[in-house]
Amino acid sequence: MKADNGSIYPPPYTYNMDYQWAPPIQPGYNINPALYPNGQPMVSYATQPDGTPIVTTQPNVMVIPQPAHNDYLCLSIVSLILCFLPLGVAAVIYSCKSRDSLRHGDMFSAAIDSRMAFKLNMAALGIGIAGHITWIICVIYFNLTYSHATNYHFSFSL
């Protein structure tokens, strides 16, 4: 398409010094209005031809923080090594799934996997503590009960 002067290029840009991007500040308003980081005003004021003020504001954005779900990976590794191996392995798997869901932004799956990892960790911890206590009691019992069988009296006579 050709411009009015026959050229295919648009006319050069001319800066109009008379143009104001915002109307003059009305009396009673703040002289330094709040600005966004890019320098744009948050609020601009104008008047209609009959003198009625028009206030234009930017839309408000509410950011609701999402809870970051714990993946319990450290607890899963501890319960894997020290407590009950089968439940520890399952807890590590769910912890990794929870971490992947958080990385992909799927908060619902992350919450479900995190809760399952926590439940498995608590079950492994309970079984592990019960097992260790049972083992300690058995060792003490058998040492006290059968201690006379291990007392060998050797006499070396020449």
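Position 1 is the first residue of the sequence; numbering continues from there.
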*Asks:* Measuring from atom NE2 of His132 to atom CD1 of Ile127, what distance do you get when rounded to the nearest 0.5 angstrom?
*Replies:* 11.5 Å
*Asks:* If the condition is ring pair (Phe, Tyr, Trp, His ring centres under 6.0 Å), which residues does Tyr72 pass it with, not counting sequence neighbours?
*Replies:* Phe118
*Asks:* Looking at residues at least two apart in the chain, or sitting in another chain, which of them share a side-chain contact (heavy atoms from CB on, under 4.5 Å) with Ile140?
*Replies:* Ile136, Leu144
*Asks:* Kindly compute the distance separating CE (Met107) from OG (Ser114), expressed to the nearest 0.5 Å.
*Replies:* 11.5 Å
*Asks:* If you look only at pairs with a residue in residues 103-122, which of them pass as a salt bridge (charged side-chain N to carboxylate O under 4.0 Å, His left out), with sequence neighbours excluded?
*Replies:* Asp100-Arg103
*Asks:* Can you list everything that forms a side chain to side chain donor-acceptor pair (under 3.5 Å) with Asn121? Sequence neighbours excluded, please.
*Replies:* Ser76, Ser79
*Asks:* Are Met116 and Ile93 side-chain neighbours, meaning at least one heavy-atom pair lies under 4.5 Å?
*Replies:* no
*Asks:* Can you check whether Tyr94's main-chain N or O pairs, donor with acceptor, with Ser98's side chain at less than 3.5 Å?
*Replies:* no
*Asks:* List the residues meeting side-chain contact (heavy atoms from CB on, under 4.5 Å) with Tyr141, not counting sequence neighbours, and say none if there are none.
*Replies:* Thr145
*Asks:* Could you pull out all donor-acceptor pairs under 3.5 Å where a side-chain atom in residues 81-92 meets a protein atom, sequence neighbours excluded?
*Replies:*
none

